[in-house]
Amino acid sequence: MSSSSSRSLTRREFIGQASCAGVGSTALFSTLLTLRLANSLSAQTAGTNGDYRALVCLFLAGGNDSFNMLVPTTGGEYEAYAKVRGNLAIAKETLLSITPGNLGGRTLGIHPSMTEVRDLFTTGRLAFVSNVGSLVRPTTLADVKAGRHLPLSLYSHADQIKQWQTCIPDQRTAIGWGGRAADIIKSLNAPSQVSMNISLSGQSVFLAGQQAFTYAVGSSGATALTGYSPTAANNLTATRSKGVQNLVDQSYRNLLEQTYADSTRDAIDSYYEFSSAIGTSTLTTPTPTGNSLANNLAMIARIIAANGRFGARRQIFFVQLGGWDHHDEVIDNQLTMLRTVSQAVGFFNAALNETGYADRVTLFTASDFGRTLTSNGNGSDHAWGGNHLVMGGAVGGGKVYGDAAAGHYPDLQNLAAIDTGQGRLIPGVAVDEYARDLLTWFGVTAGDLDYVLPAFSSRFGGRPSLGLFSPPATTPGTPTTPTTPTTPSTPSAPSTGGGGGGGGGGGAASPIFLGALGALALARLRQKRQERIRAEQAAKPQD
């Protein structure tokens, strides 16, 4: 090939082409190129000073009616809100008043059941991001009327959930932006059977990468293989366990059988590694009674506190709270559900303070979409842009972030340019932009965002950062990257509530203590496998 017919690709172009191939095709060659590239970039993504950071995605499944979570209260704006919302409006005198530091004196009100969220906002630990949604590119009302630049199946639960979790609004893919971030950055962690991507709500698109996988646990810990215990002796469990071990340790010619055996073996090893790591990680911070979300966040706090035992410098968590599709009884339902969220977020902040990781962890909310400002009688219908909260010690709290040109929070007195009908607002902030701020804080560099957010550079690259994270307060000349905190000592008593105490086997038939015994079992399993491998190698004919 002549030199005139070839051109060397820039790093940015190569990343973009490789990532698009991975999204749009299942071709093996494209996938391998993407994975190899991701691995080569990971060492450049963050420094090597041992800092720890975690992202926690709280997904409110069903579509939260978030303009009742964050309400305008400035003169004229509340009246416009009350008029468009009708019987769905929250009484002004019941709202928890806040004055964001960046809205020029405009005031807002937080839903009356979210006192913990209000307190975190006023103390600078929490911020809101307003009118966020899935966008193909910056979109006008004229675009909507012409049917151009619209996300696939706009207002559809299934499609909007995937678009929020993948940041690819015009294609269907099963690879999430949390998973792609792990593809890029996971080699910063020490080798472990437990993935850096951990879900408290089963498998999710958000955490699925080209190479990264999800490790799913429950609020009580990992789930063991039922009836399996390698330390059992002289009983049925011991016999069953020996049989399972023999099956998964064999070599199979059939690819499906071998994959199944390998997966089962890895799951067993992961269980004991995870259980051993968090066995001594407890909390004294009380868990709100009857709050399942807080129980899940308690387990996340315990995993974070044990990160050194996983050799983890970066972790991504996913937890989902469903039931937000309020076509009816939105007022009554939100009283209970927003209180659940507020109490859980307040508890999580306290738990992170206890463990010493409050400045290293950022929790953010996501949801299918916002909901109509207009009432359908007693509820609201599917819409587009919505409001979200971000909590953590690194967050520039006490502010509402959004489309700066529109004043960050939409003026409900002047919605003509962004209302597609019934109070369905065109988002002023794309999910990609929301994710960009989170990922940048997490340690993904600007150049590597082309892999994690494939459409960002070409569609939103010229738009400024939301500014969600304030620069750390340091004296001139000192490094801004935090150092790893010392592992906290084990508290004298476990927390109250379902998720705060020592974890169990997740309903296993033969529960095993999660500390020293779990570590011993894992060591025995690995020793046996190494012996088997050595025996197989010794039996092979020598060249």
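All values derive from a computational prediction rather than experimental measurement.
Residue pairs meeting the side chain to side chain donor-acceptor pair (under 3.5 Å) criterion with at least one partner in residues 379-401, sequence neighbours excluded, are Asp65-Ser380, Ser130-Asn387, His157-His382, Asp325-His382, His327-Asp381, His327-His382, Thr365-His388, Arg371-Ser380, Asn376-Asp381. Here side chain to side chain donor-acceptor pair (under 3.5 Å) pairs that include residues 422-434, with residues two or more places apart or in two chains, are Gln422-Arg424, Glu433-Arg463. Within the structure, every pair that satisfies the ring pair (Phe, Tyr, Trp, His ring centres under 6.0 Å) test and touches residues 111-132, not counting sequence neighbours, is listed here: Phe121-Phe128.
A donor-acceptor contact closer than 3.5 angstrom links the side chains of Ser375 and Asn87.
A search for side chain to side chain contact (heavy atoms under 4.5 Å, CB included) contacts involving Asn353 returns Arg125, Asn349, Ala358, not counting sequence neighbours. For Tyr81, the ring-ring contact (aromatic ring centres under 6.0 Å, His included) test picks out Tyr78, with sequence neighbours left out. Thr420 is linked by a side-chain hydrogen bond (donor to acceptor under 3.5 Å, both in side chains) to Tyr155, counting only residues two or more places apart in sequence or in another chain. In this view, Asn378 and Asp328, Glu329 satisfy the side-chain hydrogen bond (donor to acceptor under 3.5 Å, both in side chains) rule, not counting sequence neighbours. Applying the ring-ring contact (aromatic ring centres under 6.0 Å, His included) rule to Tyr409 yields the partners Phe67; only residues at least two apart in sequence or on another chain are considered. With sequence neighbours left out, Arg339 forms a salt bridge (charged side-chain N to carboxylate O under 4.0 Å, His left out) with no residue at all. Residues passing the side-chain hydrogen bond (donor to acceptor under 3.5 Å, both in side chains) test with Asp332, sequence neighbours excluded: none. By the ring-ring contact (aromatic ring centres under 6.0 Å, His included) test, Phe456 pairs with no residue at all, sequence neighbours left out.
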Yes or no on side-chain hydrogen bond (donor to acceptor under 3.5 Å, both in side chains) for Ser113 and Gln334, after CA distance, side-chain angles and deciding distance?
-> CA-CA 8 Å; Ser113 65; Gln334 283 200 318; over 6 Å; no
Please test Gln320 against Asn296 for side-chain hydrogen bond (donor to acceptor under 3.5 Å, both in side chains), starting from the C-alpha separation and ending with a verdict. CA-CA 9 Å; Gln320 179 168 293; Asn296 282 330; over 6 Å; no
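Taking all atoms of both residues into account, the shortest heavy-atom contact from Thr355 to Ala305 is CG2-CB, 3.8 Å.
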Throw together a table of side-chain donor-acceptor distances under 3.5 angstrom for residues 131-140, partners on residues two or more places apart or in other chains.
{"unit_1": "Asn131", "atom_1": "ND2", "unit_2": "Ile426", "atom_2": "O", "d": "3.0"}
{"unit_1": "Ser134", "atom_1": "OG", "unit_2": "Gln163", "atom_2": "OE1", "d": "2.9"}
{"unit_1": "Thr139", "atom_1": "OG1", "unit_2": "Arg137", "atom_2": "O", "d": "2.6"}
{"unit_1": "Thr140", "atom_1": "OG1", "unit_2": "Ala142", "atom_2": "N", "d": "3.4"}
{"unit_1": "Thr140", "atom_1": "OG1", "unit_2": "Asp143", "atom_2": "N", "d": "3.2"}
{"unit_1": "Thr140", "atom_1": "OG1", "unit_2": "Asp143", "atom_2": "OD2", "d": "3.2"}

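A salt bridge does not link Asp51 to Arg360: none of the charged nitrogens lies less than 4.0 Å from a carboxylate oxygen.
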